[in-house]
Chemist: 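Sharing a structure, written as structure tokens. Questions coming.
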Amino acid sequence: MGNRFRIAINTGGGDAPGLNAVIYAVTLAAYERGWEVHGILSGYAGLFDTTKIIQLTPERVAGIVPHGGTILGTTNKGDPFRRPYEKPDGTVGFRDESDKMVDTFRRLGLDVMVAVGGDGSLSLAHRLSEKGMPVMGVPKTIDNDLAVTQATFGFDTAVSTATECIDKLHTTAQAHERIMVVEVMGRNAGWIALHSGIASSADVILIPEIPFDMEKVCDRIMENEVRGKRHGIVVVAEGAVPKGGAVVTKPNEDVGREAVMLGGIAEQVARGIHQRTGKETRSLVLGHLQRGGSPTTWDRLLSLRFGAAAVRFIAEGKRNVMVAFQAPHMVPVPLTEVIGRTKTVPTDSETIVTSRELGISFGD
Ligand code: F6P
């Protein structure tokens, strides 16, 4: 009989379909080994307020795999190194409360924190590991932009949702002979735009990795007319940039939120198309629809494998690593190899080549 660990799990940062499946797998795989699992609510908040810690048991997690969101809740304002507080004059200040948090973790007799997150949450996990909190990372993000792992859970579901939505746009675009410009998520990586765009037969796909030229975008739109098609679909990643231009951002009004909020490029592109071609053009932003709903079968399987591997690696004595999917295996990789390195779309990738062969323009 090996060690009987007390492990904790938290889900910080933006949610992604499959989080509950990871929680389920971690709980079951730990239970099979006779360990205890504690769920930390709202990111790391439970380590500041211990009423926000719940014991996870097979009964507690039964039936959660098909559900989107996370039973533990999450936040992207939970940085323990920069906690907001109200100053005596009523303004908001920030202070480092990470030591307090690591102390609570130790006082509760917890052995390892399973941190399920994207780049931001895994960076926090890494900094906490340097302060003495043993960590096991699990890669989560619909953006698919984490280095070293070939896949993150949530991406497949987001792409499926986006594809389904774009499919629906074709019919209304055709009926009105309009150009529809649809903005999808992905931050500074074009994975969601590329995969949903090719799957839904878009005419133009604009991704951050290939700065676009509005004239080229419009040339492709007008080529449709020659082909006898009077409508068109443009899929644009929220982080796409025009040549010589900059990403479009929204004002960030969330106290304690670090990441820049992207959004608004579809509207700009739509205006540019209308001005240059005279064609009736509409834009829409799919937004958080892409993060919601039940995970696809692929995402469930990936999440369950990530969760079980996290527990397996803890049992093997691995710490301060992230579980990476390197097909067909799950492997532990040091957190230092993951954080701060965005996995973007290689511009010579097979999927880009395929898109071009199908007549899809990248506006370049
Ligand atoms: O990282 C996941 C993601 O959905 C990005 O694609 C998007 O830019 C961001 O999170 C949105 O964050 P929020 O939910 O805080 O608006």
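Every number for a ligand or one of its atoms is a count from 1 in the order of the listing. Keep in mind it's a predicted model, so treat the numbers as computed, not measured.
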Chemist: For ligand 1, indicate whether the residue Glu238 contacts it via side chain, backbone, both or neither (heavy-atom separation under 4.0 Å).
Modeler: side chain
Chemist: Among Lys250, Gln290, Arg187, Arg291, which residue places a heavy atom closest to atom 11 (C) of ligand 1?
Modeler: Arg291
Chemist: Check whether any heavy atom of Gly186 sits under 4.0 Å from an atom of ligand 1.
Modeler: yes
Chemist: For ligand 1, indicate whether the residue Ile192 contacts it via side chain, backbone, both or neither (heavy-atom separation under 4.0 Å).
Modeler: neither
Chemist: Would you mind listing which atoms of ligand 1 come within a distance below 4.0 Å of any non-hydrogen atom of Ile142?
Modeler: 4 (O)
Chemist: Grab the two heavy atoms, one from Ala25 and one from Leu304, that are nearest each other, plus how far apart they are.
Modeler: CB-O, 3.4 Å
Chemist: Nearest protein heavy atom to atom 2 (C) of ligand 1, by residue and atom, and its distance?
Modeler: Asp143 OD2, 3.3 Å
Chemist: Looking only at protein heavy atoms, identify the closest one to atom 15 (O) of ligand 1 and say how far it is in Å.
Modeler: Arg257 NH1, 2.5 Å
Chemist: So is Arg83 actually on top of Phe48's ring, under 6.0 Å and inside 45° of the axis?
Modeler: yes
Chemist: Side chains of Phe313 and Val323: does their closest heavy-atom pair fall under 4.5 Å?
Modeler: yes
Chemist: Looking at Asp143 and Arg187, does any basic side-chain N land under 4.0 Å from a carboxylate oxygen?
Modeler: no
Chemist: Please say whether Met185 places an N or O atom under 3.5 Å from an N or O atom belonging to ligand 1.
Modeler: no
Chemist: Quiz question: by atom type and distance under 3.5 Å, do the side chains of Lys140 and Thr152 form a donor-acceptor pair?
Modeler: no
Chemist: Is Arg305 positioned over the aromatic face of Phe325, cation under 6.0 angstrom from the ring centre and no more than 45 degrees off axis?
Modeler: no
Chemist: Within 45° of the six-membered ring axis of Phe5 and under 6.0 Å from that ring's centre, is NZ or CZ of Arg33 located there?
Modeler: no
Chemist: Could you identify the single nearest non-hydrogen protein atom to atom 14 (O) of ligand 1 and state the distance to 0.1 Å?
Modeler: His288 NE2, 2.8 Å
